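Written below as structure tokens is the structure these notes are about.
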Amino acid sequence: MLKNHYGPWKANGNPEIFLPSESWLNHPFLFESAGIKPSFLPYFSSKTKAFDFVSFSEAIKSLPAQSVVLLQSGAQNPTGCDPSPDQWRELASIFSQRGHLAFFDAAYPGFASGDIDTDLEGVRLFAEQEIPLVFVSTYGKSFGLYSERVGILSILAPSEEVGKRIERHMKLLARAESGAPPDFGSMIIESVLSDDTLERQWRQEVRHMADQLKSRRIALREGLEKLQTPGDWRHITDQSGMFSYVGLSVEQVTLLRNKHHVYLQDSGRISIAGLNKFNIDYTARSISAVVKATTPQ
Ligand SMILES: Cc1ncc(COP(=O)(O)O)c(C=O)c1O
């Protein structure tokens with residue numbers, strides 16, 4: 001719908017979305033398959049192993065006015081690095097000045113802080129400032145409904161009239177895609193979110209899961225530090241959510257895979273959810289051995 005109806009794209013004939021260089025691996029493919037060109041913005045500093053706010057915000061400032069930029073609302077996949085509340089405020093002000101549209105992907109609300117509302121503060125801030133935005137969220141993760149394909153799409157409309165027009169377009173698009181989409185997943189979500197007790201229980205379960213992720217991060221960092229692994233490992237606990245960019249090179253990742261059978265992406269992204277009390281020590285020992293073997297004395 002964006003491709004066919006977003007005014008600036010229609011005017012310049014150039015549907016292009018700007019993504020963080022480090023983002024969900026599938027984002028570029030998704031947009032490409034919809035005929036939208038993905039371009040990339042610096043996001044993560046491999047030096048500090050943290051969000052590079054200065055480079056990201058400068059890049060956003062220098063984009064053509066009314067660009068479309070994808071942001072993840074929190075617990076960023078793959079880096080585990082999100083803007084701070086102050087940085088969200090600054091980003092909102094840049095979007096507002098430049099007239100950019102924010103395409104928010106909220107795949108992991110609650111996974112960073114444990115609190116769903118806290119993790120959506122950035123989105124709320126943008127919405128309050130009436131920055132044009134598209135918000136997509138999957139319930140695959142936060143409800144564990146992976147294969148039910150259930151999620152939300154919200155578009156902030158400048159008026160009720162425009163909102164109604166957008167809704168009509170969305171219905172036509174949905175109709176073109178499938179006649180009767182499955183509704184089992186959405187019925188589960190509806191049952192939980194329309195019942196105070198169930199909703200409270202769900203929020204507690206999300207918090208419990210975020211706490212679990214935090215404790216696994218602590219265990220991995222402590223394991224690496226106890227083994228006197230060369231380097232600084234604080235970023236593992238500074239980052240949050242399900243993924244961590246641990247800062248390993250492709251050579252180190254390959255060694256981990258081939259010699260120790262610890263599997264992670266070439267980017268050095270670890271799935272923290274894949275760690276547990278049975279494999280965390282082994283993982284720390286393996287990473288430590290590989291880092292020691294590849295670090296010059
Ligand atoms: C950042 C991000 N967005 C979207 C998705 C898609 O989620 P789903 O397959 O539940 O729609 C994922 C899945 O890994 C993700 O990490």
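Side-chain atoms are counted along with the backbone in the values below, which use heavy atoms only and exclude waters and symmetry mates. Keep in mind that this is a model prediction, so the values were computed, not measured.
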Practice problem: Answer with yes or no whether the hydrophobic clustering places Val253 together with Phe243; edges join I, L, V, M, F, W, Y residues whose side-chain heavy atoms lie under 4.5 Å apart. | Solution: yes
Quiz item: Nearest 0.5 Å, what's the CE-CG distance between Met1 and Leu172?
Solution: 11.0 Å
Quiz item: Looking only at atom types and distance, does a side-chain atom of Arg217 sit under 3.5 Å from a main-chain N or O of Gly241, one as donor and one as acceptor?
Solution: yes
Quiz item: Under a single-linkage definition using a 4.5 Å side-chain heavy-atom cutoff for Ile, Leu, Val, Met, Phe, Trp and Tyr, are Leu63 and Trp88 assigned to the same hydrophobic cluster?
Solution: yes
Self-check item: Value rounded to 0.5 Å, distance of OG in Ser39 from CG in Leu19
Solution: 8.0 Å
Quiz item: Ser137 side chain to Ala106 main-chain N or O, any donor-acceptor pair under 3.5 Å?
Solution: yes
Quiz item: Is any side-chain heavy atom of Ser186 closer than 4.5 Å to a side-chain heavy atom of Glu190?
Solution: no
Self-check item: Heavy-atom side-chain proximity of Glu90 to Asp86 below 4.5 angstrom
Solution: no
Quiz item: Judged by atom type as modelled, is there a donor-acceptor pair below 3.5 Å linking the side chain of Gln87 to the main-chain atoms of Ser84?
Solution: yes
Practice problem: Would you please classify the geometry between the Phe31 ring and the Phe103 ring as parallel, tilted or perpendicular, with 30° and 60° separating the classes? | Solution: perpendicular
Quiz prompt | pair Leu101-Leu2: side-chain heavy atoms closer than 4.5 Å | solution = yes
Quiz item: Between atom CG of Leu173 and atom CG of Asn4, what is the distance when rounded to the nearest 0.5 Å?
Solution: 7.5 Å
Practice problem: Please lay out, stage by stage, how Asn77 and Met242 fare under the test side-chain contact (heavy atoms from CB on, under 4.5 Å). | Solution: CA-CA 8 Å; Asn77 178 8; Met242 213 161 98; over 6 Å; no
Quiz item: Judged by atom type as modelled, is there a donor-acceptor pair below 3.5 Å linking the side chain of His100 to the main-chain atoms of Ile60?
Solution: yes
Practice problem: Would you indicate whether the side-chain heavy atoms of Tyr139 and Ile188 approach each other to under 4.5 Å? | Solution: no
Practice problem: Just grab all the salt bridge (charged side-chain N to carboxylate O under 4.0 Å, His left out) pairs involving residues 140-160, residues at least two apart or on different chains. | Solution: Glu160-Lys164
Quiz prompt | Nearest non-hydrogen partners of Ala219 and Ile280, listed with the distance | solution = CB-CD1, 3.7 Å
Quiz item: Going by distance alone, is a donor N or O of one side chain under 3.5 Å from an acceptor N or O of the other, for Arg200 and Gln204?
Solution: no
Quiz item: Is Asp119 reaching over with its side chain to a backbone N or O of Gly110, donor-acceptor style, under 3.5 angstrom?
Solution: yes
Quiz item: Please, which pairs that meet side chain to side chain donor-acceptor pair (under 3.5 Å) have at least one residue in residues 21-36, sequence neighbours excluded?
Solution: Ser23-His27, Ser23-Gln72, His27-Asp105
Exercise. Search all heavy atoms of Tyr43 against all heavy atoms of Pro83 and return the closest pair with its distance.
Key: OH-CD, 3.9 Å
Practice problem: Over all heavy atoms of both residues, which pair between Ser113 and Arg207 is shortest? Give the atoms and the distance, please. | Solution: O-NH1, 4.1 Å
Quiz item: Counting only N and O atoms by type, is there a donor-acceptor contact under 3.5 Å from the side chain of His260 to the main-chain atoms of Leu255?
Solution: no
Quiz item: For Thr254 and Glu251, what are the C-alpha separation, side-chain angles and deciding distance, and is it a side-chain contact (heavy atoms from CB on, under 4.5 Å)?
Solution: CA-CA 5 Å; Thr254 310; Glu251 182 200 1; 5.7 Å; no
Exercise. Answer yes or no: are there more than 12 heavy-atom neighbours, outside Met187 itself, under 6.0 Å from its atom CE?
Key: no
Quiz item: Linking I/L/V/M/F/W/Y whenever their side-chain heavy atoms sit closer than 4.5 Å, directly or via other members, would Trp233 and Leu227 fall into one cluster?
Solution: no
Self-check item: By side-chain hydrogen bond (donor to acceptor under 3.5 Å, both in side chains) - contacts of Arg234 (at least two apart)
Solution: Asp232
Quiz item: Does the Glu121 side chain pair with the main chain of Pro85, one donor and one acceptor, at a distance under 3.5 Å?
Solution: no
Quiz item: Taking atom CD of Glu58 and atom CG of Leu41, what is their separation to the nearest 0.5 Å?
Solution: 12.0 Å
Quiz item: So, the side chain of Arg269 versus the backbone of Pro78: is there a donor-acceptor pair under 3.5 Å, distance only?
Solution: no
Quiz item: Any side chain to side chain donor-acceptor pair (under 3.5 Å) pairs touching residues 273-282, not counting sequence neighbours?
Solution: none
Quiz prompt | Shortest non-hydrogen contact from Tyr6 toward Gln66 | solution = OH-O, 3.0 Å
Exercise. Report yes if some heavy atom in the side chain of Asp117 is under 4.5 Å from a heavy atom in the side chain of Arg203; otherwise report no.
Key: yes
Quiz prompt | Centroid separation Phe18 to Phe40 less than 6.0 Å | solution = no
Exercise. May I ask you to check whether Thr294 and Gln252 show a side-chain donor-acceptor distance below 3.5 Å?
Key: yes
Quiz item: Do Ile270 and Ile287 pass the side-chain contact (heavy atoms from CB on, under 4.5 Å) test, and can you show the C-alpha distance, the side-chain angles, and the key distance before you say yes or no?
Solution: CA-CA 11 Å; Ile270 276 196; Ile287 294 178; 3.9 Å; yes
Quiz item: Between Leu224 and Val246, is any pair of side-chain heavy atoms under 4.5 Å apart?
Solution: no
Quiz item: So how far is it from Ile272 CD1 to Phe111 CZ, rounded to the nearest 0.5 Å?
Solution: 13.5 Å
Quiz item: If two hydrophobic side chains count as joined below 4.5 Å and joins carry through other members, does Val162 share a cluster with Leu133?
Solution: no
Practice problem: Heavy atoms only: give me the nearest Phe56-Pro20 pair and the separation to one decimal. | Solution: CE1-CG, 4.4 Å
Quiz item: Taking all non-hydrogen atoms of both residues, which atom of Gln129 and which atom of Ser93 are closest, and how far apart?
Solution: OE1-N, 4.4 Å
Practice problem: State, with a plain yes or no, whether a side-chain heavy atom of Leu264 is found less than 4.5 Å away from one of Ser271. | Solution: no
Self-check item: Worked verdict on Asp266 versus Arg257 for salt bridge (charged side-chain N to carboxylate O under 4.0 Å, His left out)
Solution: CA-CA 10 Å; Asp266 282 348; Arg257 200 180 291 148; 2.8 Å; yes
Practice problem: Look at Arg124 together with Glu128 and state whether they make a salt bridge at an N to O cut-off of under 4.0 Å. | Solution: no
Quiz item: Are Phe278 and Leu256 linked, directly or through other ILVMFWY residues, by side chains that come within less than 4.5 angstrom of each other?
Solution: no
Quiz prompt | Point-to-point distance, once rounded to the nearest 0.5 Å, from OH of Tyr108 to OG of Ser142 | solution = 10.5 Å
Quiz item: According to the interplanar angle, ranging from 0 to 90°, do the rings of His169 and His5 count as parallel (below 30°), tilted (30 to 60°) or perpendicular (above 60°)?
Solution: tilted
Exercise. Check step by step if side-chain contact (heavy atoms from CB on, under 4.5 Å) holds for Leu120 and Phe135.
Key: CA-CA 11 Å; Leu120 291 171; Phe135 173 84; 4.1 Å; yes
Self-check item: Listed partners of Thr79 passing side-chain hydrogen bond (donor to acceptor under 3.5 Å, both in side chains), at least two apart
Solution: Gln76
Exercise. Would you indicate whether the side-chain heavy atoms of Pro230 and Lys292 approach each other to under 4.5 Å?
Key: yes
Quiz prompt | Contact list for residues 192-228, test ring-ring contact (aromatic ring centres under 6.0 Å, His included), sequence neighbours left out | solution = Phe143-Trp202
